[in-house]
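Heads up, the thing below is written out as structure tokens.
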Amino acid sequence: METGKSCKNCLTFMAEENQQPSNPPSAQPEPANPERKTLDDRNKMTELERIRHSCAHVLATAILRLWPDAQFAYGPPVENGFYYDLEMKHRISQEDFEKIEAEMKKEIKANNPFEKVVVTREQAIADAQSGRLGGLAERPDNASKFKLDLLKQIPEGEPISYFKNGDFIDLCAGPHVMRTGNIGAFKLTSVAAAYYKGDEKGPQLQRIYGTAFKNKTALDEYFKMLEEAKRRDHRKIGAEMGLFAIDTEYVGPGMPLWLPKGTILVEELEKLAKETEFAAGYVRVRTPHLAKEKMYTTSGHLPYYAESMFPPMDFCEDAEQRSLREQVNQDLLKARSELVALKAKGEEFELGINTPTTRSTLSTQEQESQAAFKRDIEAHESTIRSLEHKKGGLGSVYYLKAMNCPHHHRIFAAEPRSYRDLPLRLAEYGCCYRYEQLGELFGLMRVRSLNMNDAHIYCTEEQFADEFRAVNDMYLKYFKIFGLEKYQMRFSTHAAEGLGKKYVNEPELWKKTEDMVRKVLIESGINYVEVANEAAFYGPKIDVQVWSAIGREFTIATNQVDFAVPAKFGLTYRDKDNSNKTPLCIHRAPLGTHERFIGFLIEHYAGNFPLWLAPDQVRVITLNDDEALINYAKPIVAELRANMVRVDSDFSATPFKAKISNAEQLRVHTMLVIGGRDMEAGAVSVRLHHGGPQGAKPKAEVIAQILADIKERKA
RNA sequence: GCCAGUGUAGCUCAGUGGCAGAGCAACGGUUUCGUAAACCGUAGGUCGUGGGUUCAAUCCCCACCACUGGCUCCA
């Protein structure tokens, strides 16, 4: 229910501090390991991309001068720079950068031309074998193994070319800048491990990232912008504002504690969601955080997703019983896989070329063998049933839920359902737990405990389009409230080759539901991109992608079709014709999870929340601690408080300017300043965190305005 | 999980093989002021945890726990 692809080095352009909403970069993020670009694509490379791509060659040149054994793989330009993947004995660390950059500068100063040489495939293979490709010279005992592999990927008939600068020759289709001297300004930025072709099982390479620009000014601007983005980082602002804490020692990594001010954000969002969902005909439910193992064997999440779930809790205390259950588990596993094999074989048997398809033409022998097959299958099924029964008597295993859908399915199953009950929309801010890899945790954006703005809509096929459209409309409504203008809707579909593996094996249902979703999207005039092979295992989905301050891409919201799991739970409703039918299910989370959504909002607003969301809405500040002033100010505080405004006061003797400064640093949305002049006029002076002094206004007017702005959730 | 880096006061960061430092915040006093930072003082630490080397370790070495930037993953 939650995905997000990382987008390396891409940046959100949000240098202005003045409450500009954060927007995704205009360009598409580079894929993790770029698909092979066609020659056409390559010719579209911008000047900047050519500079960066050329800089990657210069980097390789420098590396080879320092470590001649280096072998190079990919070295493309990316969103904000370039990288080159390489393999060598020496482990590069940032301390090496100075040395490498010095060599690179020499190559740039030499101003060598980038010469293109077109060669035959045979010639290229020979050069790769002699270690010449991606090298400064021949290296007879060190063949250019990655280049050899890359050569294999170049289609027959496509020209093969080298690019040469100085002694360095690389297999490359270009294009490049004319000379190394055209690389205006560059800097190496980081080093990381990367897998060859992004394959975890493949060799692990060292990846050096760098960036390059036309000139020093542009490079400096880029780093300045990076600094700006860091100031907006939700982890930094979260600490400054006291929104959340992550106590890795006592609570655990990835499990944020919501501090009082962060809890305000959480509860304001929940209030918004509850109002919106109530208006849209949802009903609310509540479910436990745990479920028995059977829940997830039935839903199909186990065993495939077990790795992303917290390890199970075993309530079987007796050691003997436990080992017995282990045995039963193994027997079950064996029986199940045998059954799958048998069924597959049975299909083959019935559809086999040499096997007659009609019963009348079956020989006695064949008939007998088919009957034996059936008996075998039945025997296995009965074994499985009895093993499951046996297992039930041997204590229970519980899992922390990683998603709410199965619980909601059981709520659907808790009462008999009629077509008149549909669509049934079950909503819950459910708390889920996912055992994300340690290295993947990222502030609030990627966590292990998460509160989802979840709901499941059970509906008939006829109702589907309207329901799906209504969900999309809800997204758009929310995005308007938050001033979220640029995001990307990603429609994820299945891939035929994954049927039966990554995806439930229902080719027709896939096609049907994907067509339905596509139709809704087109009819609603929503801009989207369609991505194959990214669907959930139970159906197609739409994800909404946004970008964090430092440029990571995240799924902020999701809307998914599920045509598979309700059937696994045997969910049915009684239709008009008195038959039992399985409902379709829409999983949706327009506000994603509290963790990610608030993480995103913090960066989106740079901590300067609109009044309705601001943890500190109003602070009343007196010019000094004069008693008359305080007596004038107190009823204003009381009135705001009585109207549920988050207001506090500073009547202390601290110098006035310091009191203003304190409130500003806290990001108090509205400061009501009261001095002698205000008191005499029955006024207050308004100062906004974003907007500065607004002058004196009658106090009743100011209070009314504050209440109205909160009520309408004014941006 | 993998690669590289980091871990010193609540925060931002200095620092050294030989008594642990600053600014801000906190606390106590003084200050009575018109829109972003008044002054004086006090307190605050097992230098991430555990082990090793050493007469002596916050510093050097090893392991672990976390964090940061990537990679992989992401129902």
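Below, each value reflects all heavy atoms present in this structure, side chains not excepted, and no hydrogens, waters or symmetry copies. Convention: sequence-line order gives letters A, B, ...; per-chain numbering from 1.
Rounded to a whole angstrom, the distance from the P atom of B/rA22 to that of B/rA9 is 14 Å. Rounded to a whole angstrom, the distance from the C1' atom of B/rG44 to that of B/rG10 is 10 Å. B/rA14 and B/rC74: their C1' atoms are spaced 40 Å apart (whole Å). If you take atom P in B/rG50 and the same atom in B/rU58, they sit 11 Å apart, rounded to whole Å. B/rG48 sits 31 Å from B/rG41 when the P atoms are compared, rounded to a whole Å. With C1' as the reference atom, B/rA20 and B/rA57 are 14 Å apart, rounded to whole Å. B/rA43 and B/rG21 have their P atoms separated by 14 Å, with the value rounded to a whole Å.
Atom P of nucleotide B/rC73 and atom CD of A/Gln204 are separated by 13 Å, given to the nearest angstrom. Here the P atom of nucleotide B/rC67 and the CG atom of A/Leu438 are 5 Å apart, to the nearest Å. Whole-Å rounding puts the A/Gln437 CD to B/rC74 P distance at 9 Å. Atoms CG (A/Asp625) and C1' (B/rU30) sit 13 Å apart, rounded to a whole Å. In this structure, CZ of A/Arg667 is placed 17 Å from P of B/rA36, rounded to the nearest angstrom. Rounded to whole Å, the distance from CD1 on A/Ile246 to P on B/rC65 is 18 Å. For the pair A/Met445 CE and B/rU68 P, the computed distance is 13 Å after rounding to whole Å. Residue A/Phe442 contributes atom CZ, which lies 5 Å from atom P of B/rG69 at whole-angstrom precision.
In terms of polar N and O atoms assigned as donor or acceptor, the side chain of A/Tyr83 never comes within less than 3.5 Å of the base of B/rG69 in a complementary pairing. On a pure distance criterion of 3.5 Å, no polar donor-acceptor pair joins the side chain of A/Arg207 and the base of B/rC3. Looking at A/Ser685, its side chain comes within 3.5 Å of the base of B/rU35 through a donor and an acceptor atom. No hydrogens or angles were tested; on distance alone, a donor-acceptor pair under 3.5 Å links the side chain of A/Gln665 to the base of B/rA37.
In this structure, B/rA38 forms a base pair with B/rU30, meeting either the Watson-Crick or the G-U wobble geometry with both donor-acceptor distances under 3.5 Å. Nucleotide B/rC2: paired with B/rG70 (Watson-Crick or G-U wobble, both distances less than 3.5 Å). Searching all strands for a Watson-Crick or G-U wobble partner of B/rG17 with both distances below 3.5 Å returns nothing. When Watson-Crick and G-U wobble pairs are counted only if both distances are under 3.5 Å, B/rU54 pairs with no nucleotide at all. Searching all strands for a Watson-Crick or G-U wobble partner of B/rC24 with both distances below 3.5 Å returns B/rG10. For B/rA63, the paired nucleotide is B/rU49, the pair qualifying as Watson-Crick or G-U wobble because both relevant distances are below 3.5 Å.
The side chain of A/Pro253 lies closest to B/rA66 when the candidates are B/rC3, B/rG34, B/rA66. Of the candidate nucleotides B/rG1, B/rG70, B/rC67, B/rC67 has the atom lying nearest to any side-chain atom of A/Leu441. Closest to the side chain of A/Pro655, from the set B/rA4, B/rU31, B/rA66, is B/rU31. If you check B/rA4, B/rG34, B/rU32 against the side chain of A/Asn624, the one that comes closest is B/rU32. Candidate nucleotides B/rC67, B/rG34, B/rU32 were compared by shortest atom distance to the side chain of A/Arg677, and B/rG34 ranks first. In this structure, the nucleotide among B/rU35, B/rA37, B/rC2 sitting nearest to the side chain of A/Val673 is B/rU35.
A distance of 6.0 Å or more separates the ring centres of A/Phe600 and A/Phe554. Ring-centre distance between A/Tyr399 and A/His301: not below the 6.0 Å cut-off.
Contact annotation: A/Tyr209 side-chain N/O to B/rC71 OP1/OP2 distance is under 4.0 Å. In this model, the phosphate group of B/rG34 is not approached by any side-chain N or O of A/Arg687 to a distance below 4.0 Å at OP1 or OP2. Taking 4.0 angstrom as the limit, A/Arg235 places a side-chain polar atom (N or O) nearer than this to OP1 or OP2 of B/rG69.
A cation-pi arrangement is found for A/Arg448 relative to A/Tyr435, the charged atom lying closer than 6.0 Å to the ring centre and inside a 45° cone about the ring normal.
Side-chain contact between A/Thr211 and A/Arg52 is present, with at least one heavy-atom pair separated by less than 4.5 Å.
B/rC59 adopts an anti glycosidic conformation, its chi angle falling more than 90° from 0.
Within 6.0 Å of atom NZ in A/Lys292, 12 or fewer heavy atoms from other residues, nucleotides or ligands are found, so the atom counts as exposed in its surroundings. By the neighbour-count criterion of 12 heavy atoms within 6.0 Å, atom CZ of A/Phe537 is densely surrounded, having more than that number from other residues, nucleotides or ligands.
Checked for salt-bridge contact, A/Asp616 and A/Arg667 miss the test: no charged N lies under 4.0 Å from a carboxylate O. Using a 4.0 Å cut-off between a side-chain N of Lys or Arg and a carboxylate O of Asp or Glu, A/Glu227 and A/Lys224 do not qualify as a salt bridge.
Comparing A/Arg91 and A/Met679 against RNA chain B, the residue whose closest nucleotide sits nearer the 5' end is A/Arg91. Heavy-atom nearest nucleotides on RNA chain B were determined for A/Ala194 and for A/His689, and the one closer to the 5' end corresponds to A/His689.
At the heavy-atom level, A/Ala402 lies under 4.0 Å from base atoms of the strands shown.
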